[in-house]
Engineer: 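Before anything else, here's the structure in question.
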There are 2 protein chains.
Amino acid sequence: MSPVPTALPPIALTLIGIGTGNPDHLTRQAIAAMNAADLILLPHKGEDKAELAALRQSLCDAVLTGPAVPRIAGFDMPVRRSDGNDYLAQVDEWHAAITQRWQAAIAQALAQGCLTAPADGAAQRVALLVWGDPSLYDSTLRIAARLQPAPATVQVVAGITSVQALAAAHAIALNDIGQPFVVTTGRQLRDHGWPAGVDTAVVMLDGQCSFATLPAEGVHIWWGAYLGMPQQLLDSGPLADAGPRIEGARARARERHGWIMDIYLLRRQAAASG
Amino acid sequence: MSPVPTALPPIALTLIGIGTGNPDHLTRQAIAAMNAADLILLPHKGEDKAELAALRQSLCDAVLTGPAVPRIAGFDMPVRRSDGNDYLAQVDEWHAAITQRWQAAIAQALAQGCLTAPADGAAQRVALLVWGDPSLYDSTLRIAARLQPAPATVQVVAGITSVQALAAAHAIALNDIGQPFVVTTGRQLRDHGWPAGVDTAVVMLDGQCSFATLPAEGVHIWWGAYLGMPQQLLDSGPLADAGPRIEGARARARERHGWIMDIYLLRRQAAASG
């Protein structure tokens, strides 16, 4: 391996939302940004490494059509420590570790001559592909803010989120007419119960079927896994009936594929006060 | 005008999210669905009729490339009655009126020979273009449920919402780490104040700068109008400073363009309880 320089060239960083795994989720803007990049960073995650990395690669193959195909550099995502109750400290350590991986991947591409300082002094265009959208339960913007030196520019390209993919797959609206809804996490649902002030909750990042901790009466659930992918799973119904069914389907699917990404929407009968 | 038949042919309805007005927001799936349609229904709204209808038409011009270009049928959206306090009744009347316009537009296209019953008995493919995403503060799914006879199928194609366009334009995350956020309306904010249980609120459908009704201390606002369009406006800062600035900019822009679509995110310093 080539020696890794410690100083990075000036980079123009683009964080590209790529949707939930279906190349047809890509926007024209995302496709253009991918083609305009000098280097595309492709994070590989623990258990889902093989299948999801292949999926990201296939997205690149599907849409990279420019005359100069960008270099694609994969890097392994570090594993987040999950012992103890210091959740924010764990996240902070993890972000620091991811930042180092980014820096090393960029520096290595530079050392290998895949990135060269343009004669005109322009910044190198580095793109990072993000599942869903960089604005939603994703660390990429926070990692970008830690890079040293800071990128010359940071541009975000919005992508279809799993929230939208869920609603589209079930052909449902997220909100009741004129009503608010909350987007939250499985942890929040377990720790705090039904969110205050709303009758609709979209729940993400839930590896533990936290809906099972709620009183089921009057609650309807719409669930989806692997949204937009060939192996997509959908279920919906009164929580009392659908909840146990979903727990079973989720466990079997995770066993079969080795990984799962899922999301659900809960709606309860509106409180009498409206 | 040709006589309008009362019975519609079987239709396969596709509701296509088109983003906030930038053709580059369109996904590959949206472009394919537009090209596959036999008829595209293009709603025209009151004050924004000319400019927004032209924008929707330009989206069609940009991406309709199939050998058989679909027929595009514009129709005028009815105006929602806004007197009195019976908001849900107003919405119900309005949805009934929109449903009639859809039916008439489809029937007229049929009468004009633009839609003909396929010999193989397949359904006619009718598409409707929706700003943003059909799942978010949009009536299209509810109108579709009122059509008589019911469509043979209803398919939803997710689009980039103004929520995501706002976050992308400011390069911000919607959520604090692991924290929930609410998506709500200007009316809710005026009637109920800061939403319960969250430190972040995304506010839509606000024609009255309802942020001005909140205590500004400790609150930051990120605002955007005409997101993704050439005339895009952005502002952000502590609400006490940015709020009045945004009120002025919004009034001037609306005066100049004759219409405005805007959205904002409010975040307050996290409560001590975390």
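Each chain gets a letter, A, B and so on, in the order its sequence line appears, and its residues count up from 1. Please read these numbers as outputs of a predicted model, since none were measured by experiment.
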Engineer: Enumerate by number any residue of residues 23-36 of chain A whose heavy atoms lie under 4.5 Å from heavy atoms of chain B; in the absence of such residues, state 'none'.
Structural biologist: P23(A), D24(A), H25(A), L26(A), T27(A), R28(A), Q29(A), I31(A)
Engineer: When heavy-atom pairs shorter than 4.5 Å are enumerated against chain A, which of L141(B), D176(B), L136(B) gives the highest number?
Structural biologist: L141(B)
Engineer: Is it the case that over 12 heavy atoms from other parts of the model lie below 6.0 angstrom from the CG atom of N85(A)?
Structural biologist: no
Engineer: For Q188(A) and G178(B), work out which heavy atoms get closest and say how close.
Structural biologist: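 The answer is NE2-O, 3.1 Å.
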Engineer: Which atom pairs, donor and acceptor, lie under 3.5 Å between side-chain atoms of residues 201-214 of chain B and protein residues at least two apart or in another chain?
Structural biologist:
| residue | atom | partner | partner atom | Å |
| --- | --- | --- | --- | --- |
| D206(B) | OD1 | Q208(B) | N | 2.9 |
| D206(B) | OD1 | C209(B) | N | 3.3 |
| D206(B) | OD1 | S210(B) | N | 3.4 |
| D206(B) | OD1 | S210(B) | OG | 2.8 |
| D206(B) | OD2 | S210(B) | N | 2.7 |
| D206(B) | OD2 | S210(B) | OG | 3.2 |
| D206(B) | OD2 | Y264(B) | OH | 2.5 |
| S210(B) | OG | G186(B) | O | 3.3 |
| S210(B) | OG | R190(B) | NH1 | 2.9 |
| T213(B) | OG1 | S210(B) | O | 2.7 |

Engineer: Is there a side-chain contact between V183(B) and N175(A) (heavy atoms, below 4.5 Å)?
Structural biologist: no
Engineer: Looking at chain A, which one of G197(B), A168(B), A169(B), A145(B) has the largest number of heavy-atom pairs inside 4.5 Å, strictly under?
Structural biologist: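 If we count pairs closer than 4.5 Å to chain A, A168(B) comes out on top.
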Engineer: With sequence neighbours left out, write down each residue that passes salt bridge (Lys or Arg N to Asp or Glu O under 4.0 Å) with D262(B), or none if nothing qualifies.
Structural biologist: R250(B)
Engineer: Please rank A171(A), A167(A), P195(A) by heavy-atom pairs under 4.5 Å with chain B and give me the top one.
Structural biologist: A171(A)
Engineer: Quick one: of T184(A), V198(A), T200(A), who has the most non-hydrogen atom pairs under 4.5 Å with chain B?
Structural biologist: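 So the answer, after comparing T184(A), V198(A), T200(A), is T184(A).
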Engineer: For residues 156-165 of chain B, give me every residue with a non-hydrogen atom less than 4.5 Å from any non-hydrogen atom of chain A.
Structural biologist: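 Counting heavy atoms that sit under 4.5 Å from chain A, the residues of residues 156-165 of chain B involved are V156(B), A158(B), G159(B), I160(B), T161(B), Q164(B).
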Engineer: Between R142(B), R187(B), H170(B), which residue shows the highest count of heavy-atom pairs closer than 4.5 Å to chain A?
Structural biologist: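 Of the candidates given, the most pairs with chain A belong to R142(B).
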Engineer: Determine the option with the most heavy-atom pairs under 4.5 angstrom with chain A, choosing from I177(B), D133(B), L88(B), T185(B).
Structural biologist: I177(B)
